[in-house]
**Q** 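Take a look at this one; I'll ask things after.
Numbering of ligands and ligand atoms starts at 1, following listing order.
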Amino acid sequence: MASARSTTAAVEETAAKTAQSVSNASSTFIDRASRWYADNKVLAWTVAGVTVVAVGGSIYYLSKPPRVSDLDKKSKKERRKGKKDNVKAAEEARQADTPAPAPAPGVNAPKASAEPEAVVEEELPQVTEETVAHLSEQEKKDYSAKLKAAGNKAYGSKDYNKAIDLYGQAILCKADPVYYSNRAACWNAMSNWDKVIEDTTAAINLDPEYVKALNRRANAYEQQDRYSEALLDYTASCILDQFRSDSSAQAVERLLKKVAESKAKSIMEGKEKKLPSPTFVSNYLQSFRARPLPEGLEESADLSEDSGKWFLRKGLLAIQQRTAEGYAEAAQCFDSAVEKNELESHEAYAYNMRGTFRYLKGENDAALEDLNKSIELDPALVQSYVKRASMHLEQSKRDEAANDFEQAMTHNASDPDIFYHRAQLHFILSEFSAAASDYQKSIDLDSKFIFSHIQLGVTQYKMGSIASSMATFRRCIKNFGDKSDVYNYYGELLLDQQKYQEAVEKFETAVEMERKSVGEKGGMNVLPLINKALALFQWKQDYSAAEELCQKALIIDPECDIAVATMAQLLLQQGKVTEALKYFERAAELSRTEGEVVNALSYAEATRTQLEVQEKYPQLASKLQGMGAPAMPGAVR
Ligand SMILES: *[C@@H]1O[C@H](CO)[C@@H](O)[C@H](O)[C@H]1NC(C)=O
Ligand SMILES: *[C@@H]1O[C@H](CO)[C@@H](O)[C@H](O)[C@H]1NC(C)=O
């Protein structure tokens, strides 16, 4: 067959396959970590301001994990290509006609032409447990081949019971993994999953690298909702097959999601609702312009202790500490404020703040109720619409979010927060020119709000106007030279341009400024530390410096999910899979919403499964390591 094709074509195909196997391999286990990081970091920053993330030299800015759909698209094309290229596979698939969605193309039968067609039924031996004992080795060999061929024929005409009987007799003559696997295909056609598992397990025991049997067993496990076992088999099959099969790679993705979703459900049920890391909370809160304490709640105002207003003020002051303790206290104060009431004109604001903190804790429904109540009490408090929009945005309810902005606009068309956050919505939808125009409006209304400027610079960068973007950032440094955020985000854009030296300098400046502004006692924004870690890692592959910086960030903010995810990524890149797993699991623990938990867990599960496969198939370790090497045809069936 190979000789029929031109050498060039064959070489090209090999090259393409190799590239494919490398890209699949890495996208499954290594890049996933980067993307996990990107997804989550963005979830944090979507609501915070800047939504640009530089990992591995590319920018990711996504509001949802895009993995599955990405893969689907790619895979369909590849599958088509694979079919066209691989006549043998197509023929097998046709012949096998396996109805199950399993990626296994079916019976591992030799092609009809390879076997003498004329296996006449009457000539078939009848083998039983008793008669087999009297057969010679040669007879056993001959009989088993004949019985198998007849079995394949019966399978082909969908006479599964007959095929099962024939394969069974063949097995009596010779314990061949292919016979077991073929019989499993019959059980598969009859949806008898227990039997499929039994026969494929026998086949795999005889030949641990039998990809088709692994795929078939995985499908049976999946049919029985035994997702972890299915995932393990599909992962083993992918590694054995060096990621050449799209359907197995797809199955891994699908099962990772299923396993993660079911685990996430139980985690969410038992999960204590608590505030995320102070880094997250600060980032969210500072996406709204700072305001003085409302009239009547000033520090000088004489409020009776334990009244609603007193609690409201106490909460607003606690926020200013920017520490975990401060935020926890604020959350309690806003609860108490609403409970005590006696809030007079501040009732809407109290609901707004309680809703904000409920949202931060991941209590989305309760948060929305509070925001609704706040809007009902005071429709002119437009911040409530804007916050509700950010909640809708996180739930991917874009129309609702857009509607919130519209309503806010009817109440006050000159509030810069509205334009800033509407710009965020445009940005996430990649509507960059609309975003830029809204950021500019926000700046025109209030030029003191630093994040409009920063985000405008990032948007210009995304539009390809690098020079304008850099100019915007230089202007920012002039006007907001005392704010660490400018240096941090400027550094990210420099890092994205691989201007490592300059990027690291900017991150260092940001770290210094954070340190000075809060002292060493905490409340420091750790993002510049993490960015510096990433820069050193990308620039010099300096793992130990990068890890050290992440550890520092974790000492300052132990619950910072971004630092945890970055550690996981660094460890995974060094092949420290066991340690990476711990960090992925920790990241899942720290996640706020079910979606984030699912996302984190699917990475944890991918890592864990890889580890389990390596333990189960020690001979595969070298294959995993040499994944970049050209595919070895013939290494697997
Ligand atoms: C909040 O109000 C909106 C529209 O006014 C409504 O669609 C939504 O169901 C409400 N949500 C909650 C949680 O009450
Ligand atoms: C609209 O918002 C701006 C900025 O927050 C504020 O100064 C102004 O008083 C608001 N107008 C009304 C009518 O509330």
**Q** With a cutoff of 4.0 Å, is Arg289 in contact with ligand 2, counting heavy atoms of the residue only?
**A** yes
**Q** Show the atoms of ligand 1 that are less than 4.0 angstrom away from any heavy atom in Glu369.
**A** 13 (C), 14 (O)
**Q** I'd like to know if Glu585 pairs up with Arg608 as an ion pair, taking the criterion as any Lys NZ or Arg NE/NH1/NH2 lying under 4.0 Å from an Asp or Glu carboxylate oxygen.
**A** yes
**Q** With atom 2 (O) of ligand 2 as the reference point, say which of Asn412, Asp415, Leu381 has the nearest heavy atom.
**A** Asn412
**Q** Just let me know how Gln407 lines up against ligand 1, side chain, backbone, both or neither, with a heavy-atom cut-off below 4.0 Å.
**A** neither
**Q** Do protein heavy atoms approach atom 9 (O) of ligand 1 to less than 4.0 Å?
**A** no
**Q** Does a side-chain N-to-carboxylate-O contact under 4.0 Å join Lys340 and Asp306?
**A** no
**Q** Does ligand 1 have any atom that is closer than 4.0 Å to a heavy atom of Glu400?
**A** no
**Q** Salt bridge or not for Glu261 and Lys258, using N-O below 4.0 Å?
**A** no
**Q** Can you check salt bridge (charged side-chain N to carboxylate O under 4.0 Å, His left out) on Glu347 and Lys373, steps first, answer last?
**A** CA-CA 9 Å; Glu347 196 178 356; Lys373 177 81 178 171; 5.2 Å; no
**Q** Please determine, by modelled atom types, if His411 and Tyr385 share a side-chain donor-acceptor pair under 3.5 angstrom.
**A** yes
**Q** Kindly assign one of parallel, tilted or perpendicular to the pair Tyr490 and Phe473, based on the angle between their ring planes and the thresholds 30° and 60°.
**A** parallel
**Q** Has ligand 1 got any nitrogen or oxygen that is less than 3.5 angstrom from a nitrogen or oxygen of Asn372?
**A** yes
**Q** Looking only at protein heavy atoms, which one is nearest to atom 5 (O) of ligand 1, and what is the separation?
**A** Arg388 NH1, 4.0 Å
